[in-house]
Q: 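Sending over a structure as structure tokens; questions will come in a sec.
We're numbering straight along the sequence, starting at 1.
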Amino acid sequence: MYYGLDMGGTKIALGIYDSQRQPVWSTRVPTPRDDYSRLLATLEQLVHEADRRTGQQGTVGIGVPGLPVPDDGTLFSANVPAARGRTLQADLAQRLQREVRIDNDANCFALSEAWDDEFQAYPVVFGLILGTGVGGGLIVDGKPVTGRNYITGELGHLRLPVDVLDILGRDFPLPQCGCGKRGCIETLLSGTGFAWLWHYDTQQTLSAPEIITRYYQGDKLAQAHTERYCELLAACLGSLLTLVDPHLVVLGGGLSNFAALYDGLEQRVAKYLLPVARTPRFAQARHGDAGGTRGAAFLHLR
């Protein structure tokens, strides 16, 4: 059995999966955000509950909203202060007397999708999250590529390509990113960026869902706004795909539910690739909220 723990800022979700990657049981509990001892105890109790339900000791994987620090085994996590700077992986492994694998939540999302029954056919899968921010994960032959600092695939903090200035204008002001820099892809492609661009153009304050509603109502401004966003998405993907060259790109996050993003996406992206390059397949994520536990559980799959 494979156990996946999705540790978020408000809840910890546990999912149990069998050898065929099918869900067996799941639950969720509040996250002890500010007490490390309670956090460890909660994770341990969840694993032991899974053992009781399955009658065996399953493998344990954890997806976290942060980055494991390879040099000292600590964890950087902004959303769970109790775990910040702690050796969570080693401490929980010692309590459970079994191996614990840990990765960031974007990699777990991508891994969950790469192990979809149909998507397994693709050797290189890139998972792109278009949500409040922009994240991503790269999966090669069913295994996450984490890199030196666990930031491989973090498309959101690449610099915007020069093509963006051709789309927006050379005097376009680059908004500041949460990381402190200007010109990050996340500032324009995230749901927050989608709304910021609308406000910049119209001086109207609307959320991304409200703009999308106007799009479907036939609002010309919303349709023009969406058209430009899709072109920005294609330009940014062009840079990424030239570097990574995946067979499949899976889109997740709130904006991934906007069907208009997929209309003609391959043709848009092709303009920003080398002439000999073939575009990958683009698909919407299939496993939704279960992706966090699935991906964490599948950290043990090979």
Q: Please table the atom pairs, donor to acceptor, closer than 3.5 Å between any side-chain atom in residues 3-17 and protein atoms at least two apart or in another chain.
A:
{"from": "Tyr3", "atom 1": "OH", "to": "Ala50", "atom 2": "O", "distance (Å)": "3.4"}
{"from": "Tyr3", "atom 1": "OH", "to": "Asp51", "atom 2": "N", "distance (Å)": "3.4"}
{"from": "Tyr3", "atom 1": "OH", "to": "Asp51", "atom 2": "OD1", "distance (Å)": "2.8"}
{"from": "Tyr3", "atom 1": "OH", "to": "Thr54", "atom 2": "OG1", "distance (Å)": "2.9"}
{"from": "Tyr3", "atom 1": "OH", "to": "Gln56", "atom 2": "O", "distance (Å)": "3.1"}
{"from": "Tyr3", "atom 1": "OH", "to": "Gly58", "atom 2": "N", "distance (Å)": "3.2"}
{"from": "Asp6", "atom 1": "OD2", "to": "Lys11", "atom 2": "NZ", "distance (Å)": "3.4"}
{"from": "Tyr17", "atom 1": "OH", "to": "Thr293", "atom 2": "OG1", "distance (Å)": "2.9"}

Q: Quick check: is Phe76 connected to Leu88 through a chain of hydrophobic side chains (ILVMFWY, heavy atoms under 4.5 Å apart)?
A: no
Q: Between Thr202 (side chain) and Trp198 (backbone), is there a donor-acceptor pair under 3.5 Å?
A: yes
Q: Do the side chains of Arg53 and Glu49 get close enough for a salt bridge, i.e. N-O under 4.0 angstrom?
A: yes
Q: Less than 3.5 Å apart, any donor N or O on the side chain of Tyr36 or Asp91 sitting next to an acceptor on the other?
A: yes
Q: Would you indicate whether the side-chain heavy atoms of Pro246 and Leu241 approach each other to under 4.5 Å?
A: yes
Q: Determine whether Leu92 and Ile62 make a side-chain contact, defined as any pair of heavy atoms from C-beta on separated by less than 4.5 Å.
A: yes
Q: I want to check something: taking the side chain as every heavy atom from C-beta on, are Val60 and Glu99 in contact at a cut-off of under 4.5 Å?
A: no
Q: Nearest 0.5 angstrom please: Lys143 NZ to Leu138 CG, how far?
A: 12.5 Å
Q: Give the minimum heavy-atom separation between Gly191 and Ala208, together with the two atoms involved.
A: O-CB, 3.9 Å
Q: For a quick test of reading the model, state the closest non-hydrogen atom pair linking Pro30 to Pro32 and the distance between them.
A: O-CD, 3.4 Å
Q: So, does Arg84 use its side chain to make a donor-acceptor pair with the main chain of Ala78 at under 3.5 Å?
A: yes
Q: Answer whether the closest heavy-atom distance between the side chains of Glu186 and Leu158 falls below 4.5 Å.
A: no
Q: Is atom NZ of Lys181 surrounded by more than 12 heavy atoms (other residues, nucleotides or ligands) closer than 6.0 Å?
A: no
Q: Kindly determine whether Phe172 and Trp196 satisfy ring pair (Phe, Tyr, Trp, His ring centres under 6.0 Å), including the steps that lead there.
A: CA-CA 13 Å; Phe172 184 83; Trp196 183 89; 5.8 Å; yes
Q: Could you give me the CA-CA distance, side-chain angles and deciding distance for Arg302 and Asp141, then say whether salt bridge (charged side-chain N to carboxylate O under 4.0 Å, His left out) is met?
A: CA-CA 8 Å; Arg302 291 292 180 268; Asp141 293 333; over 6 Å; no
Q: Does any donor atom in the side chain of His287 or Asp116 lie under 3.5 Å from an acceptor atom in the other side chain?
A: yes
Q: Tell me whether Val124 is reachable from Ile151 by hopping between hydrophobic residues (I, L, V, M, F, W, Y) whose side-chain heavy atoms are closer than 4.5 Å.
A: no
Q: Give a yes or no on whether the backbone of Asn79 and the side-chain of Arg33 come within a donor-acceptor separation of less than 3.5 Å.
A: yes
Q: Flag the pair Asp71 and Arg148 as a salt bridge only when some basic side-chain nitrogen lies within less than 4.0 angstrom of an acidic carboxylate oxygen.
A: yes
Q: Treat each ILVMFWY residue as a node, draw an edge where side-chain heavy atoms are under 4.5 Å apart, and state whether Val125 and Leu299 are in one component.
A: yes
Q: Is there a ring pair (Phe, Tyr, Trp, His ring centres under 6.0 Å) between Tyr216 and Phe258? Walk through the geometry before answering.
A: CA-CA 10 Å; Tyr216 285 121; Phe258 189 16; 5.7 Å; yes
Q: Just checking, any donor-acceptor pair under 3.5 angstrom between side chains of Glu210 and Tyr215?
A: no
Q: Going from CD on Gln89 to CD on Gln94, what distance comes out if it is rounded to the nearest 0.5 angstrom?
A: 13.0 Å
Q: If you define the side chain from C-beta out and look only at heavy atoms, does anything of Val269 sit under 4.5 Å from Phe282?
A: yes
Q: Would you please test Thr132 and Ser190 for side chain to side chain contact (heavy atoms under 4.5 Å, CB included) and show each step?
A: CA-CA 6 Å; Thr132 304; Ser190 64; over 6 Å; no
Q: Taking the side chain as everything from C-beta on, heavy atoms only, tell me whether Arg86 gets closer than 4.5 Å to Leu75.
A: no
Q: For the side chain of Thr74 and the backbone of Thr87, is there at least one donor-acceptor N/O pair under 3.5 Å apart?
A: no
Q: Is there a side-chain contact between Thr42 and Leu39 (heavy atoms, below 4.5 Å)?
A: no
Q: Ignoring hydrogens and geometry, is there a side-chain-to-backbone donor-acceptor pair from Trp115 to Gln120 under 3.5 Å?
A: no
Q: Answer yes when Glu118 and Arg286 have at least one side-chain N-carboxylate O distance shorter than 4.0 Å, and no when they do not.
A: yes
Q: Taking all non-hydrogen atoms of both residues, which atom of Gly136 and which atom of Ala106 are closest, and how far apart?
A: O-CB, 3.4 Å
Q: Run Arg281 and Phe119 through side chain to side chain contact (heavy atoms under 4.5 Å, CB included) and show every step you take.
A: CA-CA 10 Å; Arg281 175 182 175 184; Phe119 293 165; 4.0 Å; yes
Q: Just by distance, no angles: are the side chains of Gln223 and Thr226 close enough, under 3.5 Å, to form a donor-acceptor pair?
A: no
Q: Rounded to the nearest 0.5 Å, how far does NZ of Lys271 lie from CD of Glu266?
A: 14.0 Å
Q: Taking Val145's backbone N and O only, do any of them form a donor-acceptor pair with Asn107's side chain (distance below 3.5 Å, no angle check)?
A: no
Q: Flag the pair Arg268 and Glu231 as a salt bridge only when some basic side-chain nitrogen lies within less than 4.0 angstrom of an acidic carboxylate oxygen.
A: yes
Q: Short question: side chain of Ser256, backbone of Gly253 - any donor-acceptor pair under 3.5 Å?
A: yes
Q: Does the pair Asp34/Arg38 count as a salt bridge with the N-to-O cut at 4.0 Å?
A: no
Q: Taking Tyr150 for the side chain and Asn104 for the main chain, is one N or O donor matched with an acceptor at less than 3.5 Å?
A: no
Q: Would you say Phe194 and Leu197 are hydrophobically clustered, going by side-chain heavy atoms of ILVMFWY under 4.5 Å?
A: yes
Q: What's the verdict on side chain to side chain contact (heavy atoms under 4.5 Å, CB included) for Leu301 and Arg21, showing C-alpha distance, side-chain angles and the deciding distance?
A: CA-CA 9 Å; Leu301 285 179; Arg21 306 184 310 284; 3.6 Å; yes
Q: I would like to know whether Thr146 and Asp103 meet side chain to side chain contact (heavy atoms under 4.5 Å, CB included); could you show each step before the answer?
A: CA-CA 8 Å; Thr146 58; Asp103 209 329; 3.6 Å; yes
Q: Would you say Asp72 has more than 12 foreign heavy atoms packed within less than 6.0 Å of its CG?
A: yes
Q: With a 4.5 Å heavy-atom cut-off, do Leu261 and Leu130 have their side chains touching?
A: yes
Q: Same cluster or not: are Tyr2 and Val100 linked, directly or through other Ile, Leu, Val, Met, Phe, Trp or Tyr residues, by side-chain heavy atoms under 4.5 angstrom apart?
A: no
Q: Given 3.5 Å as the limit, does a donor-acceptor pair link the side chain of Arg182 with the main chain of Leu174, or not?
A: yes
Q: What's the separation between atom SG in Cys230 and atom CG in Asp263, rounded to the nearest 0.5 Å?
A: 7.5 Å
Q: Is the number of heavy atoms from other residues, nucleotides or ligands under 6.0 Å of Arg170 CZ greater than 12?
A: yes
Q: Rounded to the nearest 0.5 Å, what's the gap from CG on Asp245 to OG1 on Thr279? Could you check?
A: 10.5 Å
Q: Quick check for you: to the nearest 0.5 Å, what is the distance between Ile185 atom CD1 and Leu160 atom CG?
A: 5.5 Å
Q: Do you know the tightest heavy-atom contact between Cys108 and Gly63?
A: SG-CA, 3.6 Å
Q: Quick check: closest heavy atoms across Phe109 and Ala285, and the distance to 0.1 Å?
A: CE1-CB, 3.7 Å
